[in-house]
Amino acid sequence: MIPGAFDYHAPASLEEALSLLSANVDDAKVLAGGQSLLPLMKLRLAKPEVIIDIGGLAELNYIREEDGRIAIGALATYTDVAESELIRSRCPLLAQTAVVVGDVQVRNRGTIGGGLAHADPAEDLPAAILALDAELKAIGPDGERWIPAREFFITMLTTSLMPEELLTGIRVPACDGYKSAYRKASRQAAGFAIVGVAVCLKESAEGVCEDIAIGVTGVADVAFRAEKVEAALRGQNLDDTAIERAAALVTDGIDAIEDVNATPAYRSHLAQVYVETTIQAARAG
Ligand SMILES: Cc1cc2nc3c(=O)[nH]c(=O)nc-3n(C[C@H](O)[C@H](O)[C@H](O)COP(=O)(O)OP(=O)(O)OC[C@H]3O[C@@H](n4cnc5c(N)ncnc54)[C@H](O)[C@@H]3O)c2cc1C
C-alpha cells in the first residue's frame with residue numbers, strides 16, 4: 001500500500017530536528033531506519049502529516065568509550081552494534097543480541113534508537129539493555145536527561161520519552177569479568193521474539209553466582225527483569241538443580257500475553273526453558 005501524504009523534512013542538525021519536532025508535536029513522526037514506521041504508514045496504521053527524517057544526523061551515529069562506559073548513538077544500526085570490536089570485546093551481550101535481530105536488511109537499516117523508541121514487546125534489544133542496566137539519553141526543549149532502562153519501557157509501544165523528545169543514544173557499563181548470552185524462540189519468517197532471554201553473569205572459579213542480571217522480552221506487554229530468578233541464584237552454586245528451580249520463578253507475578261504464536265501457559269513454559277538454557281549458554285561462553 002501507499003502511505004498517506006506528508007511533509008518531509010531532513011534536518012541538518014539535532015537542534016533543527018528538535019525545533020521541527022516541537023513545532024509539529026501533534027502531527028509529526030521521527031523517521032530513523034524506517035523498518036517499523038514505514039510498514040505502519042503503508043498499512044495506514046500511522047498517518048503522520050509531517051516526517052522528520054533524522055537519518056542524516058551524523059552526530060547521532062557513534063559507538064565509543066566514554067568515562068569507562070560504552071556509548072552508542074541512536075542511529076547506530078544493529079549491524080554496527082553486532083560488528084563493533086569495542087562492543088564485542090567490552091559488552092558482548094549487545095552484539096550477541098543485535099546479530100539475531102530480523103534479517104540482514106533489517107539489521108542494516110534498523111537503528112537501536114528506532115527499535116527502543118518503538119518499544120515493540122517482541123523486540124530483542126530491550127532484554128539486553130535491561131540486563132545491562134543501560135541508561136537512555138533523551139533530549140528535548142528542556143535539555144537532556146538520562147532515563148534508566150527499567151524506567152524507559154512503560155507498556156506495549158509506549159515509553160517514557162516525551163512527545164517532543166528525541167532518543168539520542170544509550171550508555172552501558174563495560175562488562176569485563178562477566179559472561180553473557182542472548183537466546184530467543186522465534187518464528188523463522190519474522191524473527192521477533194516469542195520469548196527472548198538476555199543473561200549477564202559473574203561466577204567464581206568454584207561456580208558460585210556472584211552477580212546475575214536477566215532481561216526477558218516477548219513474554220509480557222513490556223520487557224522486564226527476572227528479579228525473582230536473579231535473587232534465587234545470587235550467592236548460590238550454579239548447578240543444574242539450582243538453575244532449574246530458579247528459572248521456574250521467571251513468570252511469577254507476570255501476565256504472559258496471548259497471541260497467534262503462543263498461549264500464556266506455553267509462553268511461561270518457554271520462558272522457563274530459555275532462562276535455564278541461556279544461563280547455561282552464558283556459563284559455557
Ligand atoms: C521484517 C522485519 C523483521 C523484524 N524482526 C525483528 C526481530 O527479529 N527482532 C527485533 O528486535 N526487531 C525486529 N524488527 C523490528 C526492527 O528492529 C525495528 O523495525 C527497527 O529497530 C526500528 O528501527 P528504525 O530505525 O527502523 O525505526 P523507525 O521505523 O524509523 O522508527 C520506529 C519508531 O521509533 C520512532 N523513532 C525512531 N528513532 C527515534 C529517535 N531517535 N527518538 C525518538 N523516536 C524515534 C519513530 O518515530 C517510530 O515511531 C523487524 C522488522 C522487520 C521489518
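All ligand and atom numbering here is 1-based and tracks the order in the structure. Worth saying up front: this structure is predicted, and the values here are computed from it rather than measured.
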Results of side-chain contact (heavy atoms from CB on, under 4.5 Å) for N61 - residues two or more places apart only: L75, A76, D80

Taking atom 3 (C) of ligand 1 as the reference point, the nearest protein heavy atom with its distance: A190 O, 3.4 Å

Intermediate values then yes/no, side chain to side chain contact (heavy atoms under 4.5 Å, CB included), V250 and V229: CA-CA 6 Å; V250 60; V229 183; 4.0 Å; yes

Nearest-neighbour protein heavy atom for atom 50 (C) of ligand 1, which is reported as residue plus atom name and distance: F192 CZ, 3.3 Å

Polar atom proximity, D103 to ligand 1 (N or O, under 3.5 Å): no

Donor-acceptor pair, side chain of S160 and main chain of E151, under 3.5 angstrom: yes

Any side-chain heavy-atom pair of T159 and L167 under 4.5 Å: no

Flag side-chain contact, heavy atom, 4.5 Å: C175 against S180: no

Geometric N/O contact L125 with ligand 1, under 3.5 angstrom: no

Proximal atoms of ligand 1 relative to G191 (non-hydrogen, under 4.0 Å): 7 (C), 8 (O)

Proximity of I112 to ligand 1 by residue part, where a heavy atom lies under 4.0 Å: neither

Nearest protein heavy atom with distance in Å, relative to atom 26 (O) of ligand 1: Q35 N, 2.7 Å

Closest protein heavy atom (residue, atom, distance) for atom 28 (P) of ligand 1: G34 N, 3.4 Å

Neighbour count >12 (heavy atoms, 6.0 Å) for atom CD, E15: no

Side chain to side chain contact (heavy atoms under 4.5 Å, CB included) between V172 and L93, worked out: CA-CA 11 Å; V172 293; L93 179 59; over 6 Å; no

Nitrogen or oxygen of G33 less than 3.5 angstrom from that of ligand 1: yes

Atom indices of ligand 1 within 4.0 angstrom of D124 heavy atoms, with elements: 7 (C), 8 (O), 9 (N), 10 (C), 11 (O)

Under-4.0 Å heavy-atom contact with ligand 1, by part of K184 that carries it: side chain

Distance from atom 46 (C) of ligand 1 to nearest protein heavy atom, with residue and atom: V30 O, 2.9 Å

Nearest-0.5 Å distance that lies between atom CD in E59 and atom CG in L14: 5.0 Å

Contact with ligand 1 for I54, non-hydrogen, under 4.0 angstrom: yes

Proximal candidate to atom 33 (C) of ligand 1 [heavy atom criterion; set R109, K29, H118]: H118

Residue-ligand contact P39/ligand 1, heavy atom below 4.0 Å: no

D103 CG to R109 CZ distance, which is reported to the nearest 0.5 Å: 13.0 Å

V101 N/O under 3.5 Å from ligand 1 N/O: no

Beyond-backbone contact of L38 with L31, side-chain heavy atoms, under 4.5 angstrom: yes

L37, any N or O under 3.5 Å of ligand 1 N or O: yes

Sub-4.0 Å atoms of ligand 1 with respect to non-hydrogen atoms of E123: 10 (C), 11 (O), 12 (N), 15 (C), 18 (C)

Side chain to side chain contact (heavy atoms under 4.5 Å, CB included) between I279 and L233, worked out: CA-CA 11 Å; I279 292 173; L233 287 174; 3.6 Å; yes

Nearest neighbour of atom 8 (O) of ligand 1 from the list G55, A46, G102, G114, on a heavy-atom basis: G102

Among R150, R145, R69, the one residue meeting salt bridge (Lys or Arg N to Asp or Glu O under 4.0 Å) with E135: R69

Where E258 and T263 come nearest, the two heavy atoms and their spacing: OE2-CG2, 3.9 Å

Residue part near ligand 1, for V106, under 4.0 Å between non-hydrogen atoms: side chain

Protein residue, atom and distance nearest to atom 21 (O) of ligand 1, heavy-atom basis: Y78 OH, 2.7 Å

Atoms of ligand 1 close to G115 [distance to a heavy atom under 4.0 angstrom, numbered from 1]: 21 (O), 22 (C), 23 (O)

Greater than 12 external heavy atoms within 6.0 Å of D255's CG: no

Heavy atom of the protein closest to atom 40 (C) of ligand 1 (residue, atom name, distance): L167 O, 3.7 Å

Numbering as shown, the atoms of ligand 1 that approach L166 to under 4.0 Å (heavy-atom distance): 42 (N)

For I257, the rest of its hydrophobic cluster, which grows through side-chain links under 4.5 angstrom: none

Nitrogen or oxygen of E165 less than 3.5 angstrom from that of ligand 1: no

Shortest protein contact, atom 18 (C) of ligand 1 (heavy atom only): S36 OG, 3.3 Å

Cationic N near anionic O, under 4.0 Å, E66 to R171: no

Distance-only N or O hit between ligand 1 and A32, under 3.5 Å: yes

